[in-house]
Amino acid sequence: MISRPTYDEYFMKMAYLAASRSTCLRRKVGAVLVKDKHVLSTGYNGPPKGLRHCDQTGCLREQLGVPSGERHEICRGLHAEQNAIIQAAMFGVSIKDSVLYVTNTPCVVCAKMLINASVKEIIYDGEYPDDLAMQILGESAIELRRFHLKKTNDFLEKHF
């Protein structure tokens with residue numbers, strides 16, 4: 001019998017593949033929005049289209065010693081979840097009742113966007129240090145579930 005990944009493994013690996021496109025110097029994050037086992041959109045963290053990437057400009061948050069999870073407004077990049085939502089909107093794809101596979105738990109800004117976009121579940125691998133995001137998600141109707149992807153293949157071990 002052929003060994004196939006579960007849907008959680010399949011979509012989480014896609015999230016990590018999306019994250020591999022990130023040029024963030026601090027954390028590479030990928031997101032995949034799925035509905036009925038079909039990919040709706042993907043995203044990774046990085047600057048707006050056409051702007052220089054952080055590996056070219058440097059990271060202001062790093063230079064100022066800003067801890068992870070704080071002062072998102074001074075980052076030149078958008079988060080993976082934001083880019084996945086924007087990509088769906090650009091192509092007229094509804095993400096209502098979709099499932100988000102993401103490499104890390106969302107920040108508070110992304111959490112609020114996902115709640116208002118009516119995402120029904122967030123499946124994540126790693127933690128992101130944002131207590132307010134977790135509190136807000138806990139008050140919402142979104143199901144939050146950790147799926148730890150075993151980093152057993154060469155790609156994941158090399159990049160994450």
Side-chain angles (χ1 to χ4, degrees), residues 6-49 51 53-54 59-62 64 66-91 93-151 156 159-160:
T6 66
Y7 280 108
D8 283 347
E9 290 170 327
Y10 178 63
F11 293 125
M12 191 60 76
K13 284 181 179 180
M14 284 186 183
Y16 275 101
L17 182 59
S20 72
R21 293 275 309 146
S22 172
T23 56
C24 180
L25 301 174
R26 294 180 80 166
R27 182 187 308 260
K28 294 178 180 298
V29 180
V32 179
L33 282 163
V34 174
K35 188 170 185 179
D36 299 326
K37 299 178 183 159
H38 293 277
V39 174
L40 300 176
S41 70
T42 65
Y44 54 89
N45 56 328
K49 281 193 281 190
L51 300 186
H53 291 266
C54 301
C59 176
L60 181 58
R61 291 174 70 232
E62 189 70 27
L64 296 175
V66 175
S68 186
E70 297 179 16
R71 302 284 320 268
H72 300 115
E73 75 279 4
I74 63 171
C75 176
R76 37 184 314 112
L78 289 102
H79 288 186
E81 303 93 326
Q82 295 166 353
N83 277 323
I85 292 168
I86 292 165
Q87 183 186 65
M90 284 183 56
F91 291 99
V93 175
S94 172
I95 61 171
K96 182 180 181 187
D97 297 325
S98 64
V99 175
L100 176 73
Y101 285 85
V102 63
T103 56
N104 295 93
T105 52
C107 74
V108 68
V109 174
C110 292
K112 292 184 285 187
M113 289 180 177
L114 294 163
I115 291 166
N116 277 2
S118 296
V119 169
K120 71 176 183 180
E121 184 176 14
I122 297 171
I123 300 171
Y124 66 96
D125 188 356
E127 303 282 342
Y128 185 72
D130 193 328
D131 293 336
L132 183 56
M134 297 310 286
Q135 178 187 340
I136 287 174
L137 287 168
E139 294 173 24
S140 77
I142 294 178
E143 293 179 46
L144 195 61
R145 177 167 58 92
R146 185 167 195 185
F147 177 80
H148 186 63
L149 184 64
K150 293 182 181 129
K151 295 175 175 81
L156 291 175
H159 292 12
F160 299 96

Distance (rounded to the nearest 0.5 Å) between Leu78 CG and Cys24 SG
12.0 Å
Please tabulate, one pair per line, all N/O donor-acceptor pairs under 3.5 Å involving side-chain atoms of residues 137-145, not counting sequence neighbours.
{"unit_1": "Glu139", "atom_1": "OE2", "unit_2": "Gln135", "atom_2": "NE2", "d": "3.4"}
{"unit_1": "Ser140", "atom_1": "OG", "unit_2": "Leu137", "atom_2": "O", "d": "2.7"}
{"unit_1": "Ser140", "atom_1": "OG", "unit_2": "Ile142", "atom_2": "N", "d": "3.1"}
{"unit_1": "Arg145", "atom_1": "NE", "unit_2": "Glu121", "atom_2": "OE2", "d": "3.1"}
{"unit_1": "Arg145", "atom_1": "NH1", "unit_2": "Asp8", "atom_2": "OD2", "d": "2.8"}
{"unit_1": "Arg145", "atom_1": "NH2", "unit_2": "Asp8", "atom_2": "OD1", "d": "3.4"}
{"unit_1": "Arg145", "atom_1": "NH2", "unit_2": "Asp8", "atom_2": "OD2", "d": "3.3"}

More than 12 non-hydrogen atoms from neighbouring residues, nucleotides or ligands closer than 6.0 Å to CZ on Phe147, yes or no?
yes
Can you list, pair by pair, the side-chain donor-acceptor contacts under 3.5 Å of residues 32-47, counting residues two or more places apart and other chains?
{"unit_1": "Lys35", "atom_1": "NZ", "unit_2": "Lys96", "atom_2": "O", "d": "3.0"}
{"unit_1": "Ser41", "atom_1": "OG", "unit_2": "Ala84", "atom_2": "O", "d": "2.7"}
{"unit_1": "Tyr44", "atom_1": "OH", "unit_2": "Arg21", "atom_2": "NH2", "d": "3.4"}
{"unit_1": "Asn45", "atom_1": "OD1", "unit_2": "Ser22", "atom_2": "OG", "d": "2.9"}
{"unit_1": "Asn45", "atom_1": "OD1", "unit_2": "Val29", "atom_2": "N", "d": "2.9"}
{"unit_1": "Asn45", "atom_1": "ND2", "unit_2": "Arg27", "atom_2": "O", "d": "2.7"}

Atom pair CE (Met113) and SG (Cys107), whose distance is rounded to the nearest 0.5 Å:
8.0 Å
With rounding to the nearest 0.5 Å, note down the distance linking CD1 in Ile115 to SG in Cys110.
11.0 Å
Quick check for you: to the nearest 0.5 Å, what is the distance between Asp97 atom CG and Ser118 atom OG?
6.5 Å
Mind jotting down which residue pairs meet the side-chain hydrogen bond (donor to acceptor under 3.5 Å, both in side chains) criterion with at least one end in residues 72-81? Sequence neighbours excluded, please.
Arg71-Glu73, His72-Tyr128
Using the side-chain contact (heavy atoms from CB on, under 4.5 Å) rule, take Leu114 and Ile85 through it: C-alpha gap first, then chi angles, then the decisive distance, then the call.
CA-CA 8 Å; Leu114 294 163; Ile85 292 168; 3.8 Å; yes
Donor-acceptor under 3.5 Å (Thr103 side chain, Gly30 main chain)
yes
Here the gap from Ile123 atom CD1 to Phe11 atom CZ, rounded to the nearest 0.5 Å, amounts to 9.5 Å
Do the side chains of Arg146 and Glu127 get nearer than 4.5 Å, heavy atoms only?
yes
Take the angle between the ring planes of Tyr10 and Tyr7 and call it parallel below 30°, perpendicular above 60°, tilted in between.
perpendicular
Side-chain heavy atoms of Asp130 within contact of Thr105, under 4.5 Å:
no
Using modelled atom types and a 3.5 Å cut-off, is there a donor and acceptor pairing between side-chain atoms of Arg61 and backbone atoms of Ser68?
no
